[in-house]
Amino acid sequence: MAVSLAGSPSMSNSTAAPWIVLKFGGTSVSTRARWDKIAAIARGRRTQGRQVLIVVSALSGITDQLKALGDAQADAARRAEIRDQIRARHEAMFAELELVDRAPLQYWLERLDALVANVRADAGGLPWQAEVLALGEQLSSTLGVAYLNRLDLPAHWLDARQHLLAQPMPNQNAWGRYLSASVPTAPDAAFAQGLAARGTLFITQGFMARNAAGETVILGRGGSDTSASYFGALLKAEVVEIWTDVAGMFSANPRQVPNARLLARLDYEEAQEIATTGAKVLHPRCINPVREARVPLAIRDTNFPDLAGTEIGGAVPDAARSVKAISSRAGITLIAMESIGMWQQVGFLADVFEHFKRHGLSIDLVGTSETNVTVSLDPTENLVNSDVLSTLCADLVKVCRVKVIAPCAAITLVGRGMRSLLHKLSGVLAEFGPQRVHLISQSSNNLNLTFVVDEAIAADMVPTLHALLIRAEAMRVEDRAIFGPSWRELYQSGQAEPAAPWWRARRADLMRLAREATPRYVYDLATVRARAQALKRDVACVDRWFYAIKANAHPVLLREIAALGFGLECVSPGEWERAAGIAGAALLFTPNFAPRKEYGDALVRKIPVTLDNLHPLAQWGADFSGHEIFLRLDLGTGRGHHDKVKTGGAKSKFGLALDELPEFLRLAALHDVRIAGLHAHLGSGILDVAHWKDVYVQLASIAEKIPSVHVLNIGGGLGVPARADEAPLDRVALGAALAEVKSAYPQFELWAEPGRYLVADAGVLLARVTQTKRKGEVRYVGCDAGMNSLIRPALYEAWHEIVNLARLDEAATELVQIVGPICESGDVLGSNRRLPPTGEGDVLLIAQAGAYGAAMASHYNLREPAAEVVL
Ligand code: ADP
Ligand code: ASP
Ligand code: MG
């Protein structure tokens with residue numbers, strides 16, 4: 001669906017000219033600068049020959065204040081105070097817009113006075129509340145009309161209540177009829193013609209309609225979008241444009257997930273689902289009217305009108321099956337109803353649901369079992385307060401046992417054909433594993449999968465889940481038919497734009513190296529140096545740094561890193577032998593399930609040893625007698641980009657469980673072993689700064705009870721984002737967070753052990769294309785590097801950027817699977833990648849291969865893995 005404005009009809013024939021409905025939200029109408037944008041947009045549409053109807057929201061925050069007037073029922077002084085604030089805000093806006101004629105503003109302000117003074121306020125009656133809430137849009141539209149006229153853009157004020165007639169829904173209670181009303185609409189040519197006869201530009205109010213008795217009713221919070229949609233349907237508009245403070249609908253709330261991707265195109269059903277399940281950018285009820293009238297909807301950013309937004313319409317052709325968005329709704333109440341042998345009881349569900357119906361409560365999700373039915377109530381569709389709940393429960397206890405679970409949040413994945421995407425959701429499901437999930441629901445239209453959890457954890461989970469969906473290729477962000485840039489790219493470029501990777505500038509050198517031999521790892525020492533220096537500079541409160549050499553133990557890299565003042569952390573005798581060759585480097589030995597002899601050998605060499613189990617002290621305590629050791633603790637949960645890199649929690653073999661700490665201390669005392677430091681390392685690929693702060697605080701509070709401890713080692717795991725649009729680890733924030741803890745625990749030395757962070761970006765793997773193949777729709781590009789050279793994609797589902805180095809600047813038009821020569825189906829380096837047309841002999845570059853690449857290589861299939869070269 002393209003929203004085309006080409007072929008403008010003549011302006012003189014105004015009755016035949018198409019209508020465009022433009023809706024501007026609260027922040028879009030709150031300053032003069034924004035009104036200038038509105039004027040420019042409206043003028044643009046006029047010069048394209050369109051008739052324009054503008055629907056406005058109240059100034060931002062005003063609806064909340066009007067609602068507060070209703071909540072201050074018993075407090076006349078508070079009502080007067082709120083009234084004065086509302087008045088002052090509109091007076092200020094009047095002045096800012098340099099308007100002259102006070103009369104229209106005065107009219108609505110007097111109405112505000114009258115309503116505030118009216119005795120009905122004390123009863124807090126619903127008709128009164130509706131009239132009060134409507135004032136916000138009545139005031140903003142009045143100011144807007146005056147300002148556009150001042151700018152010589154003749155605009156007419158239209159009373160929305162005259163044209164939108166609400167119909168009560170079946171079983172709707174009074175609250176819903178007055179404050180969450182609906183208006184049936186269908187294209188009405190007579191209305192369109194009547195309006196066209198009066199002018200070409202109108203401003204009307206969102207959020208309101210009238211009922212059959214002529215009273216004002218409200219369309220629900222955020223309902224101005226729905227007003228625009230109603231008018232769009234009535235006028236059979238060419239398009240309804242929702243202008244707001246973001247460029248469109250994103251794959252998650254961009255304020256929560258800056259990496260959320262713009263959804264360039266959506267069909268009505270998916271947009272409906274995303275809106276209903278929490279994306280506040282569109283009011284859930286605004287889709288249906290435009291869908292039925294087949295009017296396209298667009299979302300745009302008022303402040304950046306040149307940004308392409310979201311287009312919503314009929315089916316989107318050629319789209320890959322994908323999760324489109326993850327949304328969350330807070331304030332969900334669950335009602336769990338227990339009855340023994342429910343299924344045997346004819347009419348049990350009918351009895352139960354009857355009570356919800358009687359209380360005018362619309363149920364959102366339902367979960368059932370033999371003895372339990374649990375339903376959810378969504379606060380945007382219902383008035384769910386303690387009065388309503390207690391009367392509902394009082395009725396329900398007559399038929400079953402009732403439990404109210406609140407506050408909960410519903411986290412929803414949306415995408416057409418959700419059931420066919422289940423195999424890609426294992427990582428997402430695992431994330432819910434440790435949480436209390438109260439209800440899971442899969443919509444019968446196959447568009448969504450919803451998890452209801454405790455409200456407190458939802459906000460933290462959504463960004464992680466979003467990243468996991470992309471990583472698992474359940475959210476196919478490469479598909480440009482659907483996904484646009486990320487919010488961060490659109491709004492924070494410049495600030496967060498990563499520098500171009502080093503290998504772009506060294507392309508000629510890399511091509512030369514590839515001509516000599518492939519497959520080949522190539523390392524850029526300057527990148528290692530820059531990373532190490534930046535870390536020391538930005539996280540200055542770390543007293544000693546150790547490089548975890550398992551990430552990449554190439555001697556040239558080790559020398560470079562040691563020269564920058566890093567010690568070397570080793571996990572085997574092989575590693576300490578290599579590290580011992582690097583002059584001046586301090587060593588650590590942090591093994592796991594190592595044989596007895598290795599500990600003794602390390603102690604002889606005076607390499608500090610870390611224990612992470614009772615066994616060594618319990619069975620071989622005398623070996624450690626008189627020595628200092630470090631103790632690695634498992635703080636209970638693992639973190640990281642994949643299950644296989646999580647090194648905490650009961651399912652991970654690392655670290656001493658906290659419940660065994662007292663026994664460890666007893667054995668240490670028994671054998672005269674001093675615990676010099678505590679250590680924790682819970683996983684890798686972590687981008688969230690709060691993680692190390694948590695670890696540090698937990699270790700410090702444990703260490704306070706162990707007098708011999710003077711070092712806290714918070715491990716590594718510092719993440720390196722795989723994709724260009726992911727936010728890198730905020731080193732400065734990490735430095736600040738750790739410094740804060742340090743000021744509380746100055747008695748401990750702080751140590752840390754990054755590995756991958758220093759070397760991942762510094763290495764690339766060069767491979768040569770051997771053969772290509774097509775099977776049905778799937779195209780394969782084979783190369784001479786396989787999982788024997790780089791196992792991370794197979795082992796961790798790791799995503800490495802892959803480019804055709806010879807054709808870096810050509811358009812990546814072909815969707816391919818990039819595979820190696822190893823006899824394993826898992827020998828895939830990158831799936832569903834876009835490359836320019838690629839053939840035998842081309843050089844592929846696999847990026848970010850400096851860590852756990854060569855270090856994990858094998859001779860599987862008796863194939864030599866890639867050799868290593870340092871630039
Ligand atoms: P307006 O006042 O213009 O109606 P709203 O505040 O109602 O604007 O809606 C826009 C806001 O919706 C955005 O600023 C954003 O915080 C929020 N939002 C929540 N989920 C999404 C999403 N998936 N995509 C875009 N915006 C979202
Ligand atoms: N002003 C109303 C609200 O804040 C309606 C809207 O802005 O869409 O809910
Ligand atoms: Mg809104």
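Order of appearance sets the numbers: ligands from 1, and atoms from 1 within every ligand.
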**Prompt:** When you measure from atom 3 (O) of ligand 1 to every protein heavy atom, which one gives the shortest distance, and what is it?
**Reply:** Thr244 OG1, 2.6 Å
**Prompt:** What residue and atom, counting heavy atoms only, is the protein's closest point to atom 4 (O) of ligand 1, and at what distance?
**Reply:** Lys23 NZ, 3.0 Å
**Item:** Close-contact set for ligand 2 against Ser224 heavy atoms, below 4.0 Å
**Value:** 5 (C), 6 (C), 7 (O), 8 (O)
**Message:** Counting only heavy atoms from other residues, nucleotides and ligands, does the tally under 6.0 Å from NZ of Lys67 exceed 12?
**Reply:** no
**Asked** Considering only heavy atoms, which of Pro254, Ser28, Ala279 lies nearest to atom 27 (C) of ligand 1?
**Response** Pro254
**Fill in**
Within 4.0 Å of some non-hydrogen atom of Arg221, the atoms of ligand 2 are 3 (C), 4 (O), 9 (O)
**Fill in**
re atom 2 (O) of ligand 1, the protein heavy-atom contact at minimum distance is Gly26 N, 3.2 Å
**Asked** Among protein heavy atoms, which lies nearest atom 23 (N) of ligand 1, and at what distance?
**Response** Phe250 O, 3.1 Å
**Prompt:** Can you find an N/O atom of Asp245 closer than 3.5 Å to an N/O atom of ligand 1?
**Reply:** yes
**Message:** For the 3.5 Å polar cut-off, considering only N or O atoms, please tell me whether Val246 and ligand 1 meet it.
**Reply:** no
**Prompt:** Considering only the protein, which heavy-atom contact is closest to atom 26 (N) of ligand 1, and what is its distance?
**Reply:** Val281 CB, 3.4 Å
**Message:** Heavy-atom pairs closer than 4.0 Å: do any link ligand 1 to the side chain of Lys324, the backbone, both, or neither?
**Reply:** neither
**Request:** Look at the rings of Phe231 and Phe191 and say which category their plane angle falls in: under 30° parallel, 30 to 60° tilted, over 60° perpendicular.
**Result:** tilted
**Request:** Give yes if a backbone or side-chain nitrogen or oxygen of Lys280 is under 3.5 Å from a nitrogen or oxygen of ligand 1, and no if not.
**Result:** yes
**Prompt:** Can you tell me the protein heavy atom closest to atom 25 (C) of ligand 1 and the distance?
**Reply:** Gly248 O, 3.3 Å
**Message:** Distance under 4.0 Å to a non-hydrogen atom of Ser57: what atoms of ligand 2 satisfy this?
**Reply:** 6 (C), 7 (O), 8 (O)
**Asked** Counting heavy atoms only, which part of His283 comes closer than 4.0 Å to ligand 2: side chain, backbone, both or neither?
**Response** neither
**Prompt:** With the threshold set at 4.0 Å, does a side-chain nitrogen-carboxylate oxygen contact exist between Asp245 and Arg255?
**Reply:** yes
**Message:** Any heavy atom of His283 closer to ligand 1 than 4.0 angstrom?
**Reply:** no
**Asked** Between Thr27 and ligand 1, does any nitrogen or oxygen pair lie at a separation below 3.5 Å?
**Response** no
**Request:** Name the closest protein heavy atom to atom 19 (C) of ligand 1, giving the residue it belongs to and the distance to 0.1 Å.
**Result:** Asn253 CG, 3.3 Å
